[in-house]
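First the structure, in the form of structure tokens, and then the observations on it.
Order of the sequence lines sets the chain letters (A, B, ...), proteins ahead of strands, with each chain counted from 1.
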Amino acid sequence: MSTAKRLLSGRPTKMRITSRPGEVIDRSKPVRFTWNGREKSAFEGDTIISALAASGERVFSRSFKYHRPRGILTATFHDPGCSVQVGDEPNVRGSHRLVTAGMKVTAQNVWPSLKLDVASANRAAGRFIGAGFYYKTFIKPERLWPTYEKVLQRFAPGGRVSADSPHGSYDKRYAHPDVVVAGGGPAGMAAALGAAEAGARVMLVEEEHSLGGHLRYGSETELAALAELRREVEASGAIEVLVNSAVTGRYDGNWIAILQRNLPHVTERLVKARAKVVVAAPGLIERPYVFEGNDLPGVMLSTAARRLLNLWAVAPGTRAVVLSANEEGDATAADLSDAGVHVAQVVDARRGEQVVRARGAGSLSEVELGDGSKVSCDLLVTAVGWTAPTLLLNVAGDRPVYDERAARFVPGDGLPANVLATGGIVGDGPTAALVEHGRATGRAAAERALARDGTSVTIPSLSPAPHPALYRSRTHGIVDFSEDISSKDLVSAAREGYDSVELLKRYTTATMGPAQGKLETINTVAVLAEATGRSIAETGTTVWRPPHVPVSLGALAGRVLEPVRYSPMQPWHEAHRATPIVAGQWIRPEHYGDPAREVRTVREHVGLIDVTPLGKLDLRGPDVPKLLNFLYVNKWLKLDIGSVRYGLMCGEDGVVLDDGVTGHLGEDHYLMSTTSSGADAVAHWIENWLQTTFPDWQVYMTPMTTAYASINVAGPKSRELMSRVVSDVDLSPEAFAYMQVRRGTICSVPGCVMWRIGFTGELSYELHVPAGYGLYVWESLLAAGEDLSAGVFGLEAQRIMRLEKGHLIVSQDTDGLTQGYGVGLDGLIKLDKEDFAGKQELEWQLERQGYNHLVALLPDDASVVPPEASQIVTGDRSIVGRVTSSRLSPSLGRSICLALVAPQLAETGKSVTVHLPDGTDVRAKVSEELAQFDPGGERLRA
Amino acid sequence: MILIPCPHCGDRNSSEFTYAGEVHSRPSPGDARQGPWRDYLYGKDNPAGWTEERWFHGSGCGKYLRAERHTVTNEIRATRPEVGAGASSRTRP
Amino acid sequence: MRRATRAGGAPQRYSAASLFRHGLTHEDWERVWRTVEMRRSYDAVVIGAGVHGLATAYYLASNHGMGNVAVVDKGYVGGGGSGRNTAIIRSNYLTPEGVRFYDRSTRLYENLSATLNFNVMFARRGHLTLAHTDASVRTMRWRAEVNKLEGVESEVIGPDEVKELVPFMDTSTKTRYPILGALYHPPGGIIRHDAVNWGYARAADSLGVEIHQGTEVTGISTDRGRVTGVTTSRGAISAPVVVNCTAGWASLVATMAGVRLPIITHPLQAAVTEPVKMFLHAVVVSGSLHVYVSQTDRGELVFGASTDPYASYSMRGSLEFTEELATHVLELMPSISKMRVLRQWAGLCDITPDFSPIMGVTPVDGFLVDVGWGTYGFKAGPAAGEAMAELVATGKTPESIAAFDLARFEEARLVGERGAAAVGH
Amino acid sequence: MPETSSTNTAGAVEVGDGPVARSPIRPLPPVRLHAGWEVSGRRSEAALQLADLSPLAKVHVRTSPTSALASFLEVGFGRSARDEGGRLVVGAGPDSWTVIGRTGTASEIVASLQAAAGAEPASVIDTTHGRALVRLTGSDARRLLEKVCAIDFDDAVTPDGATFTSSVARVVTEVVRDDLDGLPSYLLACERSSGQYLFDSLLDAGNEFTVEIDGFPEKEI
């Protein structure tokens with residue numbers, strides 16, 4: 001019994017036909033899945049859509065604007081009406097995705113259901129809501145636009161994402177093939193073979209689930225040719241085959257992006273291949289024909305019909321009309337007959353025969369031909385020509401040109417040497433011709449990749465075959481199936497003045513949908529050409545943009561690689577429940593529960609803080625003093641061995657860059673410290689000057705930030721604590737004074753550097769311990785100080801104490817325009833030095849005056865802590881400064897602030913208005929000193 | 001991804017480098033006037049075409065280098081070391 | 001001086017009623033703007049048919065009665081940055097002069113549909129700038145405080161409120177870059193950028209302005225320090241005022257007049273995903289993660305990042321951009337990993353040393369600039385056009401743009417947006 | 001609050017016999033002491049192994065490629081070789097070298113190199129504590145590294161003995177191909193504080209190849 005008879009006999013809608021020679025389904029492996037909640041069966045190898053079509057389904061979605069029913073058009077990845085939701089994954093390409101057991105597939109873009117679709121009322125209104133209608137309406141009243149907008153949003157196409165979907169597993173890989181072949185049809189396979197034979201390492205990338213391109217659903221001769229090519233590819237040791245993978249783009253330097261979707265352990269993988277040569281072999285895409293009703297389910301491309309028949313053994317219909325303008329159409333008619341589908345009529349476009357419109361309620365039932373005759377059918381196959389997907393060539397700088405004779409765009413002559421093309425994109429021919437061209441192109445690619453002469457390779461010519469130029473019938477129909485744009489919309493927009501391809505595209509959104517122009521670009525151009533009376537060549541085409549196929553965010557992100565840095569004392573911090581704070585790449589303890597108590601520990605006893613992230617740069621060589629003298633605003637030519645000095649760095653624009661202390665450790669040997677956040681920038685800054693401006697200076701700079709664990713021991717009992725663990729350094733105030741550096745042994749660990757400085761304002765020692773011993777020394781210090789009530793403190797306590805002392809933090813108390821003068825360090829800047837970074841601007845800053853000043857502010861109400869960034873305002877609410885730092889000082893029992901203020905406010909005792917974020921104002925007074933705690937620095941020098 | 005022929009390390013991805021921009025020489029400190037100094041700080045040639053610029057190979061050899069790059073095509077036709085370190089310059093054929 | 005006149009009588013009104021009438025009659029709509037022969041002389045020539053150039057021309061005609069103006073562009077209307085940006089509108093800047101300026105622009109945008117009789121689809125969505133570090137929280141508060149003092153709605157909110165506004169956001173503390181808070185700016189939103197360009201073009205055209213697409217400026221003529229006109233690929237034009245409203249090519253155009261600009265051109269890339277049902281109402285920006293994202297009415301996510309790290313005039317786009325973008329978007333919203341990027345593109349941004357634009361006079365009399373718009377130009381279009389039109393018509397620099405003059409670089413009066421604008425979309 | 005016992009999570013080693021040095025990478029048990037360093041005593045038989053070698057002596061040298069010290073080091077930029085003492089000399093940069101030796105030998109190495117440098121300008125620094133060092137060994141090592149590093153690991157490009165500095169899992173890393181008994185093996189060194197991250201990233205990327213952690217090796221270098 002023929003399929004037609006079987007189907008017409010009223011039996012359950014089974015469209016699966018008997019075995020086809022090239023079928024890719026495994027009939028011994030049935031798979032069950034659900035479609036809109038109903039159970040469906042399939043075979044392994046079925047796509048979602050082939051399985052549904054086999055079960056008799058014809059409608060898979062509703063169109064974007066008019067909510068017209070949509071069925072199969074291409075039966076490929078790019079099938080515009082076949083996107084479905086699979087579980088929590090939206091926009092799955094149902095004509096490409098293979099069915100797996102238990103898959104939950106639902107239709108998208110239908111509300112409330114696929115069959116009953118209230119939005120289809122839009123269809124009736126279609127004549128009023130042509131392209132660009134949004135721009136012309138909802139203008140007044142404007143306050144109603146958000147309401148309209150909400151309505152429009154309901155009709156947004158696409159599937160759903162869910163906030164509790166897991167991130168999933170993704171991956172990336174770098175590759176360095178000599179040759180990447182993009183496309184595994186006959187020409188691509190042959191190109192890979194040709195390149196491999198010539199000695200190249202080849203990566204062959206195919207979008208479909210197996211190699212072969214159009215041979216897969218072709219004749220028996222074509223299937224035989226394919227078997228031979230596959231055998232050769234498998235036998236070659238130099239070809240890595242990636243199926244169900246797509247070259248998504250080519251970027252600068254032949255950087256080829258490949259999306260690999262066929263891996264068991266990851267959802268998708270992005271392969272980044274630095275190819276020496278890439279061969280574009282994407283084949284051709286069949287293009288739809290524009291006529292009334294061309295989007296009815298049952299109207300499909302000839303390749304779609306052949307794929308359904310020959311790959312999945314699914315009858316695309318029962319009674320067919322075939323519109324054919326080429327061999328593919330003829331072959332489809334033959335295949336249909338062969339499979340038992342009744343071919344009611346072949347309409348031969350080469351003889352001027354025409355299809356004018358298709359009709360049907362919900363799906364196709366009748367076709368009207370050019371002579372006015374009507375044929376009843378449930379399948380209309382169109383074979384009217386091809387589109388060359390030239391993305392890879394475009395992004396390589398080539399501009400495709402229109403070949404009038406072949407009625408398609410073909411590659412121009414703008415390809416760089418490392419990009420070649422073969423196969424259908426270049427021209428047409430029998431399999432042997434495609435293979436011959438491919439093989440030679442592959443050899444040429446290898447020659448170029450391996451930088452050989454390559455003159456021996458002759459690439460046979462392959463040219464596009466003549467083809468009638470068929471774009472639109474005498475009726476109007478859909479041009480962009482994803483965006484629901486008709487040829488009438490395009491004509492109307494062109495007449496309105498949106499008459500260049502780019503304007504038309506933007507105004508109508510044609511080519512902007514999920515198919516990204518692969519099906520609709522040429523028809524768009526043809527309709528525009530017709531509307532403007534220009535030729536297609538004059539009209540030109542739009543630029544294809546990457547990616548060639550959509551790429552998941554997961555694949556683009558890949559494995560999460562976010563470097564984090566830890567100090568050697570991290571295990572201790574974790575064990576003692578430090579509250580972590582993210583500081584760039586570093587994870588640091590902000591506090592250990594009670595910052596105020598930590599302050600008291602330091603002010604009254606002794607505390608340890610882990611300051612490992614402080615930048616530390618080892619500087620060696622006879623010219624280090626010159627370098628320091630240039631980098632810092634103060635003088636450095638005379639610094640005794642054993643001393644440290646504070647320095648401020650400015651950029652060439654005079655803006656404060658960084659600060660820190662540098663110690664003179666030994667002959668031609670210094671250790672510079674920088675802020676934690678500025679460590680890398682200062683290292684680059686130094687290398688920049690040394691390498692580009694002062695190449696004669698003999699200085700070797702080595703970053704040592706993490707070679708040392710850095711511990712600041714601060715508090716009145718710090719000398720006592722140090723004396724218990726240091727044996728080889730005289731710690732007496734006379735022998736080891738403030739701003740001095742010593743090298744010695746701490747807790748039996750030799751090679752430590754200690755300097756006496758004090759960010760907290762207390763007597764303190766900053767210890768730099770070989771990092772491997774950091775945890776040991778930290779624990780030993782705490783053990784040794786137990787009876788001294790030694791404790792630890794975190795960043796927050798340190799910030800409080802430095803604020804009590806009025807020490808600035810670069811980039812908190814300064815900003816991107818704060819220059820050297822005015823931040824409380826004016827005395828440091830030595831304009832009498834011959835030269836230093838930023839000197840010119842600082843000179844001019846001083847001449848100009850008018851700059852802001854950093855002052856300490858004491859709110860009149862000592863319990864009010866103005867949040868940092870509170871603005872300082874005048875009576876008329878103009879801004880004259882801002883609070884840069886503020887805290888409640890546990891030591892003073894009151895709030896204290898630093899603020900950058902206009903010069904007229906920078907006077908001791910001046911009362912200012914601080915505007916708080918809650919909208920209230922408070923008064924505060926400018927304090928005499930930046931330091932509120934021990935302004936004389938006696939504790940520091942103890 | 002631009003491929004930069006580091007004169008020391010060979011071809012590397014541009015992501016290993018920090019762009020340091022057009023090369024402008026520093027006015028000598030003694031006689032710097034505001035006009036030339038501010039041009040040194042802020043002025044740019046910004047050509048659409050070949051330009052000579054600095055890159056810093058921070059994820060590689062740690063050296064500054066000079067590159068001749070075309071700002072429209074991003075093609076690099078030559079690089080050379082900023083300071084002599086024993087490696088020769090690289091020119092693309 | 002020719003007064004502005006309606007080129008072809010009153011322009012056709014767009015409304016629901018006219019739409020209905022056209023639906024019934026199937027008459028063609030009037031052309032949006034005319035295609036006319038280029039004349040040899042105009043009162044002013046504006047280079048660049050993007051939002052800045054078109055708005056300048058429109059306000060010249062509408063506010064100052066100066067319709068004898070040509071807008072010339074080497075491409076098509078809105079084909080540059082104005083058609084390539086991510087169409088985010090906001091005014092939550094850092095400096096008072098910046099806030100005032102962008103606030104004016106936002107207000108013009110809010111009424112633009114009615115002003116131009118063209119629906120530009122401005123949608124107030126609320127704008128969130130996330131803070132992942134305490135330093136960033138401080139900057140957000142700084143911006144909020146300045147905004148409020150300038151009368152602009154902005155507030156620092158906490159992670160819980162962020163979660164309420166964006167349920168897909170991972171506001172847990174387990175992430176690599178925990179969200180500590182955000183600057184919430186309710187007036188911020190998105191707009192249909194092409195509609196703005198077309199609306200201005202149509203409205204300017206109806207007031208007599210001529211728009212010449214496909215007309216590349218090849219030279220700028222000057223005589224004794226005064227501009228006298230331009231030469232183009234379609235012939236010379238004389239004009240006493242030439243306004244450079246280009247982006248991407250601003251340095252090159254200025255060089256034609258002998259003016260050197262402190263600008264570096266960087267590509268800025270953007271990408272869009274396949275559509276999904278609405279789930280992200282607010283516009284979300286993370287400076288630390290270099291990403292901004294919004295969802296259009298069509299359901300697509302539109303993303304942008306910071307500019308490419310090197311100077312370039314290439315608009316080919318890069319893979320590393322989409323990789324970084326996806327990494328950071330998933331850091332914020334890990335559950336959308338299955339959404340797919342559909343298309344990426346790039347535009348060119350002219351970056352100045354202080355991340356602020358350059359507007360006003362130049363050393364060449366009559367040669368004005370409205371350039372250096374970095375990554376924040378589209379949202380400024382109306383206010384910049386209005387101010388530039390006033391400058392052209394009156395010869396006086398309006399107070400609103402005085403701080404953004406070209407001379408500030410030589411005089412070291414930089415504008416302090418540097419801290420806030422690193423990724424300020 | 002102060003604790004006297006070690007808080008190292010591996011925690012098998014008692015503090016008391018003198019200073020204990022620790023790698024930035026926490027060792028898997030059993031943990032033992034080796035030349036003052038805590039190391040893992042674990043043994044893996046897996047086909048792909050990752051081991052922490054951070055305790056090894058690492059000395060960083062900067063000098064002109066034309067200096068006497070450079071000729072003493074012999075090895076050129078991009079290559080590595082063992083010297084007579086069995087130390088691995090790595091040509092790390094155009095004017096920099098890394099010398100890797102057995103645990104605890106850094107000061108010897110520094111002294112010998114300083115002697116070789118003589119009066120010529122050079123910087124010889126013990127960076128043992130400043131660098132994390134791991135070794136990845138196995139036939140799948142290359143496939144693992146290709147996931148996190150953009151360098152071509154093909155034998156023709158990166159043969160045994162080759163060395164380069166590049167980004168590995170987004171960390172600046174010095175990579176030395178140093179095959180072991182005919183098996184591909186790579187030494188990877190980065191600045192210390194990123195060591196745990198690099199180690200974890202390699203383990204994560206090696207999941208599909210079932211990479212395993214191996215303890216501190218008998219033959220150190």
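A perpendicular orientation is assigned to the rings of C:Tyr310 and B:Tyr19, their planes being inclined by more than 60° (bins at 30° and 60°).
The salt bridge (charged side-chain N to carboxylate O under 4.0 Å, His left out) search around B:Arg12 returns B:Glu16, not counting sequence neighbours. For C:Arg226, the side-chain contact (heavy atoms from CB on, under 4.5 Å) partners two or more places apart in sequence, or in a different chain, are C:Pro240, C:Asp365. Remark: C:Thr255 pairs with no residue by the side-chain contact (heavy atoms from CB on, under 4.5 Å) rule, at least two apart or across chains.
In terms of heavy-atom pairs under 4.5 Å with chain C, the best-connected choice from B:Ala20, B:Ser14, B:Gly43, B:Ser15 is B:Gly43. Ranked by non-hydrogen atom pairs under 4.5 Å with chain B, the options C:Ile263, C:Leu252, C:Leu261, C:Asp350 are led by C:Ile263. The greatest number of non-hydrogen atom pairs below 4.5 Å with chain B, out of C:Ala311, C:Ala412, C:Pro309, is found for C:Ala311. Interface check for chain C: of the options B:Thr73, B:Thr71, B:Asn13, B:Ile2, the most heavy-atom pairs under 4.5 Å are formed by B:Thr71.
Taken to the nearest 0.5 Å, the CZ atom of B:Arg38 stands 13.5 Å off from the CZ atom of C:Arg408. Separating the CG atom in B:Asn74 from the OG atom in C:Ser318 is a distance of 9.5 Å, to the nearest 0.5 Å.
No side-chain heavy atom of C:Phe409 sits under 4.5 Å from any side-chain heavy atom of B:Leu41. Side-chain contact between B:Arg69 and C:Ser312 is present, with heavy atoms from C-beta onward closer than 4.5 Å.
Looking at C:Glu320, only its side chain comes within 4.5 Å of chain B, counting heavy atoms on both sides. Contacts of B:Trp55 with chain C are made by side-chain atoms alone, with heavy-atom separations under 4.5 Å and no backbone atom involved.
Residues of residues 44-53 of chain B placed with any heavy atom under 4.5 Å of a heavy atom in chain C are listed by number as B:Lys44, B:Asp45, B:Asn46, B:Pro47, B:Ala48.
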Report task. Assess whether side chain to side chain contact (heavy atoms under 4.5 Å, CB included) is satisfied between B:Asp39 and C:Glu410, documenting all intermediate values. Result -> CA-CA 7 Å; B:Asp39 192 65; C:Glu410 197 174 325; over 6 Å; no
